[in-house]
Amino acid sequence: MERIKYGLMSLLMAIAVMQGAHADDKPIEQLRAFLKTAHSLTADFRQVAIDESGRARKASEGVFYLRRPGKFRWNYLKPFTQEIISNAGKVWFYDEDLEQVTIKKMDQSLGSTPALLLSGDIDLEDNFILEGQGADEDMTWIKLLPKNEDSGFKYILIGLDKGKLGGMELSDNFGQLTRIYFSNLKINTPIDDGVFDFIPPAGADVFEE
């Protein structure tokens, strides 16, 4: 489960739930405009862990689904099959190789991280300082600096590609840098309720905290 948990909590989650603004209005206003209208989304993703020398250490790929408030699903397809599902105030972590399922309450698993924003009840400005970062890699970037020193993150970067979600970078307090890139983004298309349901496979060990 460590492949899922280490640095993944942050990625689950700072998506499509943010409101508010700060200085450097143009990129932040683009973010606000996108998130105001993005009540659901699906996308392919590629996630890369970066080492201290700036090299990609490991990569994974999959599909992401989100529907506000509080429902999301990350299906990791390569190199390992893993799933993270949030629904009804709980988060399920499933590792196919380990045949293990861990279930946590939303507040337990996410603590004071940006994942709380998925609830739709927390205002972005209450938790972060927002700073426009200009353009890089053909995307416009906004930096989120956590106001809470116990959040576990140094910063989060959100990248917009022509006004839509394109990428994210997260730096945690353990020195890990993670980047994620989105493609084939679809906004406000119908998502079946069953996508956000999870039944532990027969024979899997289930741990509920």
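Start at 1 with the first residue, then count along the sequence. As the structure is a prediction and not an experimental result, all values here were calculated from the model.
- R73 and V195 get closest at one heavy-atom pair: NH1-O, 2.6 Å.
- Taking 4.5 Å as the limit, some side-chain heavy atom of Q30 sits within range of a side-chain heavy atom of T140.
- Between L77 and T81, the closest heavy-atom pair is O-OG1, 4.3 Å.
- Between F182 and L41 there is no side-chain heavy-atom pair separated by less than 4.5 Å.
- Within the model, atoms CD of E208 and NZ of K105 stand 8.5 Å from one another, a figure rounded to the nearest 0.5 Å.
- The shortest distance between side-chain heavy atoms of V206 and I103 falls below 4.5 Å.
- Centroid-to-centroid, the aromatic rings of Y65 and F72 stay 6.0 Å apart or farther.
- Q133 has its side chain within reach of L157: a pair of non-hydrogen atoms, C-beta onward, lies under 4.5 Å apart.
- For the pair E83 and N75, the tightest heavy-atom approach, listed with the atom from each and the gap, is CG-OD1, 3.6 Å.
- The ring of Y76 has its center no closer than 6.0 angstrom to the ring center of F64.
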Evaluate the side chain to side chain contact (heavy atoms under 4.5 Å, CB included) criterion for residues L145 and E131: first the C-alpha distance (whole Å), next the side-chain angles of each, then the deciding distance (0.1 Å), finally the verdict.
CA-CA 8 Å; L145 298 167; E131 298 178 352; 3.5 Å; yes

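- You'll find the side chain of L130 stays beyond 4.5 Å of the side chain of K143, heavy atoms only.
- A chain of hydrophobic side-chain contacts below 4.5 Å, direct or via other Ile, Leu, Val, Met, Phe, Trp or Tyr residues, connects Y155 to M139.
- Scanning both residues, K147 and F128, for their nearest heavy atoms gives CE-O, 3.5 Å.
- To the nearest 0.5 Å, atoms CZ (F45) and OG (S183) are separated by 10.5 Å.
- A donor-acceptor pair is defined here as one N or O able to donate and one able to accept, closer than 3.5 Å; such a pair exists between the side chain of N188 and the backbone of T37.
- Between I50 and V48 there is a side-chain heavy-atom pair separated by less than 4.5 Å.
- Summarising the geometry, atom CD1 belonging to I156 is positioned 5.0 Å from atom CG belonging to L170; distances are rounded to the nearest 0.5 Å.
- Closest approach of G132 and I28 over heavy atoms only: N-CD1, 4.2 Å.
- The CD1 atom of I158 sits 7.5 Å away from atom CG of L165, with the distance rounded to the nearest 0.5 Å.
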Apply side chain to side chain contact (heavy atoms under 4.5 Å, CB included) to residues I85 and V91 and explain how you reach the verdict.
CA-CA 6 Å; I85 302 99; V91 182; over 6 Å; no

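- Judged purely by atom type and a 3.5 angstrom limit, R67 uses its side chain to pair as donor or acceptor with the backbone of I191.
- The closest side-chain heavy-atom distance from F80 to E96 is not below 4.5 Å.
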Check against side chain to side chain contact (heavy atoms under 4.5 Å, CB included), T178 and E169
CA-CA 6 Å; T178 306; E169 178 175 297; over 6 Å; no

For L144 and I129, run side chain to side chain contact (heavy atoms under 4.5 Å, CB included): C-alpha distance rounded to whole Å, both residues' side-chain angles, the deciding distance at 0.1 Å, then the answer.
CA-CA 6 Å; L144 283 65; I129 298 170; over 6 Å; no

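- No path of Ile, Leu, Val, Met, Phe, Trp and Tyr side chains, each step under 4.5 Å between heavy atoms, connects W92 with V63, placing them in separate hydrophobic clusters.
- In this structure the side chain of R179 reaches within 4.5 angstrom of the side chain of L177, judged on heavy atoms.
- Without hydrogens or angle criteria, N87 side chain to K71 main chain gives no donor-acceptor distance under 3.5 Å.
- Rounding to the nearest 0.5 angstrom, the gap separating the NZ atom in K78 from the CZ atom in R46 is 11.0 Å.
- Under a hydrophobic-cluster definition in which Ile, Leu, Val, Met, Phe, Trp and Tyr are linked whenever side-chain heavy atoms come within less than 4.5 Å, directly or via other members, I187 and I180 are assigned to the same cluster.
- Here E61 contributes atom CD and Q47 contributes atom CD; the two are 11.0 Å apart, rounded to the nearest 0.5 Å.
- The backbone N or O of K164 lies less than 3.5 Å from no partner atom in the side chain of D161, so there is not a single donor-acceptor pair.
- Scanning both residues, L160 and P27, for their nearest heavy atoms gives CD1-O, 3.9 Å.
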